[in-house]
Structure formats: C-alpha cells, structure tokens
Amino acid sequence: MAYWLMKSEPDEMSIDDALAAPKHTVPWFGVRNYQARNFMRDGMRVGDGVLFYHSSCPQPGIAGIAEVASAAYPDDTQFDPASHYYDAKATREQPRWMMVDVKALRKTRLLPLAELRAVPELEDMALLQKGSRLSITPVTPAQWKKIQALLQ
DNA sequence: GCCAACGTTGGC
DNA sequence: GCCAACGTTGGC
C-alpha cells in the first residue's frame with residue numbers, strides 16, 4: 001500500500017465538501033500536469049492512503065484523511081468545451097487526462113504547512129521541496145506514520 | 001498583489 | 001533538440 005498527498009483548493013472542494021458527497025467519494029477531476037496524472041494512472045491502487053491538503057487558502061495544510069477509491073479513468077472535463085479544464089487535443093479515443101475517485105475518511109485538525117516544515121523527519125517530503133508545485137505527491141510510509149502521530 | 005519556481009509551447 | 005517566452009501554481 002502506498003501513500004499520497006493530494007492538494008485541493010477548499011473554495012473548489014474542501015474536506016467537508018468531500019465528506020458531504022455521496023459515499024464520501026469525489027472524482028478528482030481537473031489535474032492537468034503529466035507527473036500528477038502519472039501518479040494517479042500508474043502509481044495509485046484502491047485503498048492507498050491520502051492526505052487531503054488544502055491549498056491556495058488562508059491556512060494551507062493537511063485537513064483530512066482519505067483513500068483512493070478507484071483505478072484511474074478518463075477525466076470527462078477534458079472533452080467539454082464549456083469546462084475550465086477542456087483540452088482541445090484530447091479525444092475520447094485518446095484521452096490525455098485521467099483521474100481517480102477519492103473517498104474522504106475523516107476530517108482532522110488543520111495541520112499547517114508551517115508546522116510540517118518545522119518537523120525534521122518530514123524535511124524530505126515532496127510537498128516541502130523548494131519550488132514544488134505538484135498537486136499530487138507521494139508520501140513515504142515513515143512520513144505517513146509521523147503525520148498520523150502529529151494528528152493525534 | 002507579488003513573485004519565485006516550474007511546466008509547456010512553439011519557432012528555429 | 002534548444003531555449004525564450006509565456007502561463008500557472010501557490011505561499012506569503
């Protein structure tokens with residue numbers, strides 16, 4: 001089992017929104033970065049652990065725990081000209097962008113980015129690397145364990 | 001709103 | 001294949 005951190009802007013979809021969704025499950029549409037797509041398509045398995053991260057907001061940080069709830073499948077918004085996420089170069093025969101379903105398990109206390117940065121055991125987290133902008137990053141088992149402890 | 005850092009595009 | 005220009009991300 002692998003672990004991941006997935007960023008969401010709470011204005012778009014917060015941990016509360018995800019918990020309020022049917023089956024607490026939401027499609028993770030809108031990823032338009034190849035590395036992040038590849039993590040979903042090639043790396044994720046159903047049941048993988050997910051740190052639900054709030055970004056681009058007054059208090060960025062980890063806001064909840066979730067899990068991967070499906071294999072990767074095409075993100076329909078790429079085919080919709082009216083969508084913000086439309087991609088003219090994508091076709092149904094040759095989709096370019098994939099997504100997974102994510103099931104929210106619980107809301108946690110907000111574990112702020114600044115607090116994560118202050119933990120020596122977490123300094124190698126992909127999230128914390130200089131210039132890192134990826135919306136989906138891997139988390140090691142040791143990092144996952146440390147963060148669970150911080151959330152106790 | 002600023003800006004550092006990064007990814008993508010497209011001309012050559 | 002290089003790389004300049006541009007667009008985006010996301011913390012502050």
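Just so we're on the same page: letters track the sequence lines, and every chain starts at 1. In this text the structure is predicted, and so the values were computed from the model without any measurement.
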Between [atom2] of [N] and [atom1] of [X], the distance in whole Å:
X: A/His84; N: C/dG7; atom1: NE2; atom2: P; answer: 14 Å
X: A/Tyr85; N: C/dG7; atom1: OH; atom2: P; answer: 19 Å
X: A/Asn33; N: B/dC6; atom1: CG; atom2: P; answer: 13 Å
X: A/Arg32; N: C/dT9; atom1: CZ; atom2: C1'; answer: 16 Å
X: A/Lys7; N: B/dC6; atom1: NZ; atom2: P; answer: 12 Å
X: A/Asp87; N: C/dG7; atom1: CG; atom2: C1'; answer: 15 Å
X: A/Arg37; N: B/dT8; atom1: CZ; atom2: P; answer: 10 Å
X: A/Gln35; N: B/dC6; atom1: CD; atom2: C1'; answer: 11 Å

Quick one: is A/Tyr53 getting a side-chain N or O under 4.0 Å of the C/dG11 phosphate, OP1 or OP2? yes
Go through residues 118-133 of chain A and report each residue with a non-hydrogen atom lying under 4.0 Å from DNA chain B, sorted by number. A/Lys130, A/Gly131, A/Arg133
Under 4.0 Å between a side-chain nitrogen and a carboxylate oxygen: does that hold for A/Lys7 and A/Glu12? no
Hey, is A/Lys107 close enough to A/Asp16 for a salt bridge, meaning N to O under 4.0 Å? yes
Sorted by chain and number, sequence neighbours left out, ring-ring contact (aromatic ring centres under 6.0 Å, His included) with A/Phe79 holds for none
Just compare B/dG7, B/dT8, C/dC12 and give me whichever is closest to any side-chain atom of A/Leu113. C/dC12
Do A/Arg32 and A/Thr77 meet the criterion of a side-chain donor-acceptor pair at a distance under 3.5 Å? yes
When you compare the side chain of A/Gln78 with that of A/Arg96, does any pair of heavy atoms fall below 4.5 Å? yes
Contact summary for A/Trp144 and A/Ile65, nearest pair of heavy atoms: CH2-CG2, 4.1 Å
